[in-house]
Amino acid sequence: MFFSQAGARPRMWEASPSEHKKWVEVFKACDEENKGCLSRENFKVAVVMLFGYKPSKIEADAVMSSVDPNTSGILLKEFLDIVRKKKEAQLYRNEIRHIFTAFDRHYRGYLTLEDFKKAFKQVAPKLSERIILEVFRHVSVFPGGTVVKNPPANAGDTGSSPGPGRSHMPRSN
């Protein structure tokens, strides 16, 4: 609620001409048979080339299910749109991580409610404590309430918590 109202969502981002050119070159390099589209496997190779990781089966399935069934793969226009969205998400996660690091003055990997209050007092001194608490609760994922830079993947399942009065930052992919 609060974040969406404040506009804390990924913004539309446009690639520079050189970056756009690189994406087109990667598409062409992965389109081995010059069909003008990428197969599932060729798409995975393109993602490795551009982002440095192999997409999971779930990610590849999601992309392939969005492809026009009358084509035999991902067309250049679709590929460029997918890459742009992935880049936007990557930049957004990096921005969030940068903000988290700025708030984590003691380099503990988590933020306490007191850390939150101090940070908000510096960047938004007129913001009410009620709003700060709402934001803190919104980003808190552990029962004890902490914001952590890289919580263990199963930490929420086990009910473990780094301690009361702290909140966790979502893990990046």
Classify the angle between the aromatic ring planes of F79 and F27 as parallel (below 30°), tilted (30 to 60°) or perpendicular (above 60°).
-> tilted
Common cluster, F103/L127, ILVMFWY with side-chain heavy-atom separation under 4.5 Å = yes
Please test F120 against I131 for side-chain contact (heavy atoms from CB on, under 4.5 Å), starting from the C-alpha separation and ending with a verdict.
-> CA-CA 10 Å; F120 276 94; I131 297 293; over 6 Å; no
Check whether any side-chain heavy atom of F51 lies under 4.5 Å from a side-chain heavy atom of V83, and answer yes or no.
-> yes
On a heavy-atom basis, the closest approach of F136 and L111 is CE1-O, 3.9 Å
Is any side-chain N of the basic residue among K35 and D31 closer than 4.0 Å to the acidic one's carboxylate O?
-> no
Any donor-acceptor pair under 3.5 Å linking the side chain of D115 with the backbone of T112?
-> yes
Can you find a heavy atom in the side chain of N94 that is under 4.5 Å from one in the side chain of H98?
-> no
For E88, which of K86, Q90, R84 qualifies under side-chain hydrogen bond (donor to acceptor under 3.5 Å, both in side chains)?
-> R84
Side-chain donor/acceptor pairs under 3.5 Å, residues 66-74, sequence neighbours excluded:
{"from": "S66", "atom 1": "OG", "to": "V63", "atom 2": "O", "distance (Å)": "2.6"}
{"from": "D68", "atom 1": "OD1", "to": "N70", "atom 2": "N", "distance (Å)": "3.0"}
{"from": "T71", "atom 1": "OG1", "to": "D68", "atom 2": "O", "distance (Å)": "2.8"}
{"from": "T71", "atom 1": "OG1", "to": "G73", "atom 2": "O", "distance (Å)": "2.9"}

Should E14 and E19 count as side-chain neighbours, where that means a heavy-atom distance under 4.5 Å?
-> no
Give the table of side-chain donor-acceptor pairs shorter than 3.5 Å for residues 42-50, with sequence neighbours excluded, one pair per line with atom names and distance.
{"from": "N42", "atom 1": "ND2", "to": "C30", "atom 2": "O", "distance (Å)": "3.1"}
{"from": "N42", "atom 1": "ND2", "to": "S39", "atom 2": "OG", "distance (Å)": "3.3"}

Kindly compute the distance separating OG (S128) from NZ (K126), expressed to the nearest 0.5 Å.
-> 13.5 Å
Quick one: do D81 and K85 make a salt bridge, cutoff under 4.0 Å?
-> yes
Is L75 linked to L38 within one hydrophobic cluster, defined over Ile, Leu, Val, Met, Phe, Trp and Tyr using a side-chain heavy-atom separation of less than 4.5 Å?
-> no
Taking only Lys NZ, Arg NE, NH1 and NH2, and the carboxylate oxygens of Asp or Glu, determine whether E114 and K117 approach each other closer than 4.0 Å.
-> yes
Distance (rounded to the nearest 0.5 Å) between E129 CD and L133 CG | 5.0 Å
Indicate the atoms forming the closest heavy-atom contact of G109 with D104, along with that distance.
-> N-OD2, 2.8 Å
